[in-house]
Amino acid sequence: MISTAVSVSKEKVISFVWQHILLLFSLYLMTLGVVLCIKSDLGSSVISSLPLSMSTAGQSGIVPALSVGGYTIVMNFVFVALQMAILRRRFEPVQLFQLLIGLVFGWLIDLNMLLTDGLVCATTTARVITQAAGCTVMGIGIAFEVRCGSVTMPGEGLPVALSRITGRPFPQMKIYVDTTLVILAVASCYLFFGQWRWNIIGPGTLFAMVYVGIVVKSVSARIAWFDRLLHYRPGFRRYIFGLARFIYRGKR
């Protein structure tokens with residue numbers, strides 16, 4: 001009985017760790033996509049529009065000088081606080097894990113900003129290619145993140161909370177939240193800079209709002225192999241070779 005309980009406990013630990021290793025990989029892809037959209041100078045993604053505006057203003061000393069990732073962390077913490085205020089007693093304590101996810105997400109944005117520091121889009125063609133690549137990578141990352149089945153991202157948790165309270169569909173609430181973020185980003189541009197900043201909210205932002213969803217839907221229908229990977233439970237000593245054999249068998 002004791003050995004069985006230990007075995008079950010070990011299985012749960014391995015499952016949890018492996019699930020969140022894959023989640024970390026998914027978040028990395030998402031943030032790489034976010035950064036590529038920023039680097040394109042055609043307009044950031046919705047989730048990074050307000051943090052980018054705040055960070056740009058911070059470089060001029062108008063607001064505290066935080067990085068894009070830093071302001072993303074602040075925004076994610078605000079999202080969780082709003083969920084708590086909206087749901088009150090219906091807010092589940094496990095959802096506080098969103099704070100950690102939001103922290104990692106912001107940190108990975110800054111990491112990718114550093115890794116792509118040398119990327120400069122000097123031509124329109126380069127900007128378009130970088131924007132398209134960013135949206136594609138972001139969509140792939142989101143599809144993986146959803147399959148990981150961990151705690152909801154703060155940016156998704158808020159519309160989920162609004163949907164629970166209002167009874168309206170999640171997609172509708174998601175559109176409302178995203179639209180509000182874009183409006184706040186535009187308002188902050190006029191407040192801080194006195195003009196619209198197209199590198200913050202531009203045609204690339206509109207493209208991302210449409211195209212990323214298409215990528216997520218397309219990729220989600222083609223990643224059965226990721227589900228097999230997610231449920232793989234190797235022993236620690238035979239981990240690498242076992243994983244290789246597992247993937248190989250799945251492709252045949």
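Residues: numbered from 1 along the sequence shown.
- Taken from OG1 in Thr56 to CG in Leu52, the straight-line distance is 4.0 Å, to the nearest 0.5 Å.
- The shortest distance between side-chain heavy atoms of Ser53 and Tyr71 does not fall below 4.5 Å.
- From Ile38, atom CD1 reaches atom OG1 of Thr116 across 8.5 Å, with rounding to the nearest 0.5 Å.
- Using a 4.5 Å cut-off on side-chain heavy atoms (C-beta onward), Leu108 and Val104 make contact.
- Annotation: side chain of Gln98 is not in contact with side chain of Asn76 (no heavy-atom distance under 4.5 Å).
- By the 4.5 Å heavy-atom criterion applied to side chains, Met54 and Pro51 are not counted as neighbours.
- Counting only heavy atoms from C-beta outward, the side chains of Asn199 and Leu42 never approach each other to under 4.5 Å.
- Using modelled atom types, one finds no donor on one side chain facing an acceptor on the other under 3.5 Å when comparing Thr123 with Arg127.
- What you find for Phe207 and Ala132 is that their closest heavy atoms are CE2-CA, 4.1 Å.
- Note that CE of Met173 and CZ of Arg168 are 5.5 Å apart. Values are rounded to the nearest 0.5 Å.
- Remark: the backbone N or O of Cys37 is not paired with any side-chain donor or acceptor of Ser44 at under 3.5 angstrom.
- Connection of Leu100 to Leu111 is established within a shared hydrophobic cluster, with ILVMFWY side chains joined at heavy-atom distances below 4.5 Å, either directly or through further cluster members.
- Under the side chain to side chain contact (heavy atoms under 4.5 Å, CB included) rule, Phe144 has a single partner from Val216, Leu29, Leu22, Leu27, which is Leu29.
- Here the side chains of Val215 and Cys135 are not in contact, with every heavy-atom distance at 4.5 Å or above.
- Put simply, CE on Met84 and CD on Gln95 are 11.5 Å apart, with the number rounded to the nearest 0.5 Å.
- Hydrophobic cluster of Ile214: the remaining members, joined at side-chain heavy-atom separations below 4.5 Å, are Val210, listed by chain and number.
- Environment of CZ in Phe97: crowded, with over 12 heavy atoms of neighbouring residues, nucleotides or ligands closer than 6.0 Å.
- When side chains are defined from C-beta on, Leu158 counts as touching Ile86, because their heavy atoms get closer than 4.5 Å.
- Of the residues listed (Ile201, Thr205, Thr179), the one engaging Val46 in a side chain to side chain contact (heavy atoms under 4.5 Å, CB included) is Thr205, and it is the only one.
- Annotation: cation-pi pair Arg197/Phe193 present, NZ/CZ under 6.0 Å from the ring centroid and within 45° of its normal.
- Rounding to the nearest 0.5 Å gives a distance of 11.0 Å between CE of Met209 and OG of Ser45.
- There is no side-chain donor-acceptor pair under 3.5 Å between Glu145 and Ser26.
- The closest side-chain heavy-atom distance from Leu50 to Ser188 is below 4.5 Å.
- Hydrophobic cluster membership of Val160, counting Ile, Leu, Val, Met, Phe, Trp and Tyr whose side-chain heavy atoms lie under 4.5 Å apart directly or via other members: Phe170.
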